[in-house]
Amino acid sequence: MAITGTPDDIRSRARAAFLGVAVGDALGAGLEFMTPGEIRSKHGTVREIIGGGWLRLKPGQITDDTEMSLCIARAIVADGGWSLQGIAESFAAWLRTKPIDVGDTCRRGIRNYMLKGVLESPFNQYAAGNGACMRMLPVALCTLSSEDLLQEYAIQQAHITHNHPLSDAACIALGGLVHLSLLGYSKSRLRRELEVLLSRYENFRFEPYHGLATAYVVDTMQTVFHHFFKTRDFESCLVETVNQGGDADTTGAIAGMLAGAYYGLEGIPKRWLKKIDKNLVGEINTLADRMIELSPFISSGQVVPMRGAEKI
Ligand code: ADP
Ligand code: MG
């Protein structure tokens, strides 16, 4: 893979990260709630976007992971920058469409906003589901190269529904890894960055990996980290992740986000992209471009020195 870090490369990786969310969501959604053994006996190893599952999805159909990411991205682009109220409104409009799947904590937080206009849910010990983390990509794109903004916006958007330190930590760590990937840093650099999180939150440690892929954000992130660092390309990262079953649409979406940002567009199998609705692909590309333009990385004309050589 070319080791470059021009603004065009970064835009392309940004598109790949967003498309990665959709592809991972669609690939995993048909396997949600299954165990690895059930997947193996029913399908062998799943390498294609087959739809189905408990939601009886069409092949290529996406779920709440991609839809909530689109809500955030559309609100940012419509408002020409960060607007928490715009994001909450976008979530509310989405919930009114009666989406095919919504997490309990997501639903509670959005309903709370709709009823009381509250933009921040109170702390709740059960709010450590992965619902805030799965929709982090737009936050990472529009804050590219500012860790301070990333932290601020990650927590703001997360707290609309999820107010829990483990969810916050996962959102910030994932956003940080996506930033480094977009900028062309190496996996060893990403692994060092992740160590900072692991030293503060030991429960995210994923070596040895225990094979839990539930919707608890700790299990979700361990699954994504394990497969991302163990594999060497987008396809095997996603195949291994979703065949772990459990909350496979969300582990798939998050793995797709990170692997998309890291490996870029060339890494995403064409046969998977072809399964995603063409209009959706077009919209995702436009939103990704626009969010990168709004980011401090582009808008301040900042040139970030590339450490491309590390990527070897
Ligand atoms: P979402 O985060 O998508 O809104 P849920 O609220 O349904 O979804 O949470 C997802 C899962 O996370 C649930 O199975 C829930 O039991 C689990 N979970 C949430 N908080 C904790 C926690 N503190 N410890 C263990 N599991 C948790
Ligand atoms: Mg989902």
Side-chain angles (χ1 to χ4, degrees), residues 18 20-35 49-72 87-88 91-92 94-95 97-114 120-137 154-155 157-171 174 201-205 210-224 238 241-242 244-257 276 280:
F18 209 155
V21 172
V23 159
D25 180 4
L27 184 71
L31 310 178
E32 194 180 11
F33 300 132
M34 295 172 80
T35 65
I49 295 179
I50 53 177
W54 72 283
L55 291 170
R56 297 171 192 274
L57 300 163
K58 295 192 282 284
Q61 196 174 342
I62 47 97
T63 70
D64 51 345
D65 312 76
T66 310
E67 287 167 349
M68 293 196 87
S69 302
L70 285 165
C71 286
I72 297 182
I87 291 167
F91 287 167
W94 169 71
L95 194 61
T97 67
K98 302 199 189 318
I100 188 164
D101 194 19
V102 189
D104 291 343
T105 307
C106 286
R107 184 189 298 278
R108 194 177 315 117
I110 300 168
R111 283 189 55 79
N112 214 23
Y113 169 75
M114 291 164 79
E120 180 167 26
S121 292
F123 166 78
N124 177 342
Q125 61 170 317
Y126 300 110
N130 56 24
C133 208
M134 71 188 189
R135 57 186 195 230
M136 266 300 295
L137 197 258
I155 290 180
Q157 77 80 13
H159 285 199
I160 296 176
T161 55
H162 292 64
N163 187 342
H164 194 288
L166 289 171
S167 164
D168 293 351
C171 288
L174 176 64
Y201 294 94
E202 294 284 336
N203 31 7
F204 284 101
R205 287 210 178 275
H210 300 296
L212 289 176
T214 78
Y216 176 37
V217 73
V218 171
D219 293 343
T220 302
M221 297 316 290
Q222 285 180 349
T223 297
V224 171
L238 266 76
T241 300
V242 302
Q244 201 67 44
D247 197 10
D249 54 329
T250 301
T251 58
I254 298 176
M257 175 193 319
I276 309 295
L280 178 61

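Counting starts at 1 for both ligands and their atoms, in listed order.
Protein N/O/S atoms closer to the Mg ion (ligand 2) than 2.8 Å number 4 in this structure.
For Asp65 and Thr250, the side-chain atoms include at least one donor-acceptor pair closer than 3.5 Å. In the model, His162 has no side-chain atom that pairs as donor or acceptor with a side-chain atom of Asn130 under 3.5 Å. Side-chain contact, Thr63 with Asp101: no donor N or O sits under 3.5 Å from an acceptor N or O.
When all heavy atoms of Gly60 and Ile276 are compared, the closest pair comes out as O-CD1, 3.8 Å. Residues Ile254 and Thr220 share a closest heavy-atom pair of CD1-CG2, 3.9 Å.
The structure places CH2 of Trp54 at 6.0 Å from CD of Glu32, a figure rounded to the nearest 0.5 Å. Atoms CZ and CZ, from Phe91 and Arg107 in turn, are 14.0 Å apart once rounded to the nearest 0.5 Å.
The 4.0 Å heavy-atom shell around ligand 1 contains residues Gly103, Asp104, Thr105, Cys106, Gln125, Tyr126, Ala127, Ala128, Gly129, Asn130, Gly131, His162, Ala215, Tyr216, ordered by chain and number.
Without hydrogens or angle criteria, Thr161 side chain to Arg108 main chain gives no donor-acceptor distance under 3.5 Å.
Here the side chains of Met134 and Met257 are not in contact, with every heavy-atom distance at 4.5 Å or above.
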